[in-house]
Structures are given as C-alpha cells and as structure tokens.
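See structure below.
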Amino acid sequence: MEKAIASEDYAKAIELLDGEIERDPTAFESRALIQTRAELLAVTGKKNEAIEDLRGLIAQFSRDDMYPKAVALHKLMWDIELKFVDPSR
C-alpha cells in the first residue's frame, strides 16, 4: 500500500486498504486504515464516500468514549468538506 501511495496510484492503494479492512472491519487497527482510505477517497474526488467513512469512525470512537479522536476526525471531515468543495457551486 505504501508503494501505491508513494507512486500516487491511489486507486490501487484504496483497493489494498479495502482488502485489509475487509479481513476484520471491527478490529481497532482497522480504524486507522479506514481513516487513510477516507483521506485517499477525498484526494481522488470521492468526497461523499470519504465523509461516510469518517462519520462511521466518529460514531465508533464516540461509543468507545474516545472523544478527542472523534473530534479530530470531525475536524478532518470538515476540512474535506471545505477543501474539496465543488467550484461550480
């Protein structure tokens, strides 16, 4: 995955992340992978999918009383909303 990201092959990186996440989507370690996937989705213009991933993570961290992480992800989600706004709107 790191090679795909370094070579800016984001579609391949997302595909590899999907495979890792699919193995155990509820594992705590998968949360970091989901966050990385959301960031890559945003870069590739799939803002709505990225925000959907982040909303799921925010809910998970909130349920686990990990509020600082939930707030940080909410800020990331807000940054994606602002940074990747459709210029035609």
Side-chain angles (χ1 to χ4, degrees):
M1 173 191 52
E2 290 84 8
K3 288 181 182 181
I5 293 172
S7 66
E8 297 184 7
D9 187 356
Y10 300 130
K12 180 66 175 175
I14 291 168
E15 181 183 321
L16 293 170
L17 282 167
D18 286 343
E20 291 285 324
I21 294 165
E22 197 172 289
R23 277 193 237 157
D24 190 1
T26 60
F28 189 80
E29 296 80 18
S30 292
R31 294 178 183 187
L33 299 175
I34 294 169
Q35 180 179 345
T36 301
R37 180 182 184 272
E39 292 169 356
L40 291 174
L41 286 168
V43 169
T44 59
K46 297 178 180 174
K47 181 175 79 169
N48 292 335
E49 289 180 53
I51 289 172
E52 184 178 317
D53 279 359
L54 291 173
R55 282 188 178 145
L57 283 176
I58 290 167
Q60 288 177 12
F61 281 115
S62 295
R63 277 192 302 271
D64 292 343
D65 295 330
M66 298 180 72
Y67 300 112
K69 184 63 179 176
V71 169
L73 289 172
H74 196 273
K75 183 189 178 313
L76 174 61
M77 187 174 70
W78 184 253
D79 289 346
I80 289 171
E81 275 284 343
L82 294 176
K83 195 177 293 181
F84 299 100
V85 172
D86 181 1
S88 66
R89 292 187 356 182

Should Glu52 and Arg55 count as side-chain neighbours, where that means a heavy-atom distance under 4.5 Å? no
Please identify each residue that fulfils side-chain contact (heavy atoms from CB on, under 4.5 Å) with Glu20, with sequence neighbours left out. Arg23, Leu33
CG/Asp53 to CD1/Ile21 distance, rounded to the nearest 0.5 angstrom? 7.0 Å
Could you pull out all residues at least two apart from Thr26 that satisfy side-chain hydrogen bond (donor to acceptor under 3.5 Å, both in side chains)? Asp24
Atom pair CG/CG of Leu73 and Leu57 - distance to nearest 0.5 Å: 5.5 Å
Contacts of type salt bridge (Lys or Arg N to Asp or Glu O under 4.0 Å), residue Lys75, not counting sequence neighbours: Asp79
Are the side chains of Asp65 and Tyr67 in contact, using a 4.5 Å heavy-atom criterion? yes
Suppose we screen for side-chain contact (heavy atoms from CB on, under 4.5 Å). Which residues come up paired with Ala70, at least two apart in sequence or across chains? Ile58, Phe61, Ser62
Test salt bridge (Lys or Arg N to Asp or Glu O under 4.0 Å) applied to Asp64 - qualifying residues, sequence neighbours left out: Arg31
For Glu15, salt bridge (Lys or Arg N to Asp or Glu O under 4.0 Å) partners two or more places apart: Lys12
Who pairs with Arg63 by side-chain hydrogen bond (donor to acceptor under 3.5 Å, both in side chains), at least two apart in sequence or on another chain? none
Closest approach of Ala50 and Ala38, non-hydrogen atoms and distance? CB-O, 3.1 Å
Would you check, one step at a time, whether the test side-chain contact (heavy atoms from CB on, under 4.5 Å) holds for Arg37 with Glu49? CA-CA 10 Å; Arg37 180 182 184 272; Glu49 289 180 53; 4.1 Å; yes
Any side-chain heavy-atom pair from Lys46 and Ile14 closer than 4.5 angstrom? no
Results of side-chain contact (heavy atoms from CB on, under 4.5 Å) for Asn48 - residues two or more places apart only: none
About how many Å separate CG of Asp9 and NZ of Lys3, when rounded to the nearest 0.5 Å? 13.0 Å
Heavy-atom closest pair, residues Tyr10 and Leu40: CD2-CD2, 3.4 Å
Using the rule that two of Ile, Leu, Val, Met, Phe, Trp, Tyr join whenever any of their side-chain heavy atoms come within less than 4.5 Å, decide whether Leu54 and Phe28 are in one cluster. yes
